[in-house]
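Following: one structure in structure tokens, then a few remarks.
Residue numbers begin at 1 in each chain, while the letters A, B, ... track the order of the sequences. Treat the numbers as computed from the prediction; the structure is a model and nothing was measured.
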Amino acid sequence: EDQVTQSPEALRLQEGESSSLNCSYTVSGLRGLFWYRQDPGKGPEFLFTLYSAGEEKEKERLKATLTKKESFLHITAPKPEDSATYLCAVRGRSGGSYIPTFGRGTSLIVHP
Amino acid sequence: EAGVTQFPSHSVIEKGQTVTLRCDPISGHDNLYWYRRVMGKEIKFLLHFVKESKQDESGMPNNRFLAERTGGTYSTLKVQPAELEDSGVYFCASSQEARRQGPWEQYFGPGTRLTVT
């Protein structure tokens with residue numbers, strides 16, 4: 001069974017204070033690792049898909065990296081508007097065709 | 001382009017009653033998914049439609065849940081009769097026709113918060 005563990009559960013940063021969120025996973029034959037951002041009262045918003053170890057993707061202040069056991073979401077010089085819950089999900093060979101397994105998320109608060 | 005929409009945004013019902021949730025996917029998206037998030041836990045898959053056909057319904061909790069997708073457009077998820085443990089946020093997501101290499105980008109709706117009392 002695929003598993004995803006995200007840490008920390010909650011993170012408070014000062015504006016401009018860079019940090020990283022962790023997503024550890026176990027999956028049989030990774031077919032994609034996904035990062036989403038979720039704002040209160042809204043659905044998850046797609047950020048990145050990573051497919052293989054060593055792959056990196058960037059979007060504004062966010063950079064996602066992938067190893068064989070975990071993924072990191074690096075946030076550089078965050079702003080208050082980056083405050084949200086960040087979700088990680090994986091899809092593996094053992095799962096259904098298009099079914100991701102989600103972690104519980106990291107709640108990020110960036111103080112001005 | 002309009003995103004995924006869900007109705008209602010909130011629903012409060014009593015145990016034993018029936019509730020129907022609706023999801024309108026992004027136009028042209030063949031794939032439609034239902035998920036549920038129970039408070040304090042992760043988002044869990046319920047089922048997946050490809051057009052009007054159920055591709056995978058392995059996540060449906062029990063036979064009190066019935067999902068339909070009329071003509072491959074909008075979808076409904078009916079809970080009958082509702083139980084206390086059915087409370088949670090129900091999300092719908094859609095994606096374009098799946099390709100072998102992905103990227104399997106799913107676009108989520110805002111969710112329906114269901115409270116069963």
Handout entry: Proximal component of B:Tyr107, with respect to chain A [non-hydrogen, under 4.5 Å]
Key =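 Nothing of B:Tyr107, per the 4.5 Å heavy-atom cut-off to chain A.
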
If Ile, Leu, Val, Met, Phe, Trp and Tyr residues are connected whenever their side-chain heavy atoms lie under 4.5 Å apart, and connections chain through other members, are [X] and [Y] in the same group?
X: A:Leu66; Y: A:Phe72; answer: no
X: A:Leu11; Y: A:Trp35; answer: yes
X: A:Tyr25; Y: A:Leu50; answer: yes

Problem - Parallel, tilted or perpendicular, as decided by the 30° and 60° cut-offs, for the rings of A:Phe102 and B:Tyr35 - result: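 Answer is perpendicular, since the angle exceeds 60°.
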
Please check if atom [atom1] in [X] has more than 12 non-hydrogen atoms from other residues, nucleotides or ligands closer than 6.0 Å.
X: B:Arg64; atom1: CZ; answer: yes
X: B:Glu85; atom1: CD; answer: yes
X: B:Lys15; atom1: NZ; answer: no

Rounded at 0.5 Å granularity, tell me how far [atom1] in [X] sits from [atom2] in [Y].
X: B:Phe91; Y: A:Lys42; atom1: CZ; atom2: NZ; result: 12.5 Å
X: A:Tyr36; Y: B:Glu105; atom1: OH; atom2: CD; result: 8.0 Å
X: A:Thr101; Y: B:Lys44; atom1: OG1; atom2: NZ; result: 7.0 Å

Handout entry: Test item: B:Arg37 side-chain N/O and A:Arg104 main-chain N/O as donor-acceptor pair under 3.5 Å
Key =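 The answer is yes, because a donor-acceptor pair under 3.5 Å joins these two groups.
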
Problem - Toward chain B, the part of A:Gln6 with a non-hydrogen atom under 4.5 Å - result: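 Neither part; nothing is under 4.5 Å.
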
Handout entry: Side-chain heavy atoms of A:Pro100 within contact of B:Gln106, under 4.5 Å
Key =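 Yes. Closest side-chain heavy atoms under 4.5 Å.
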
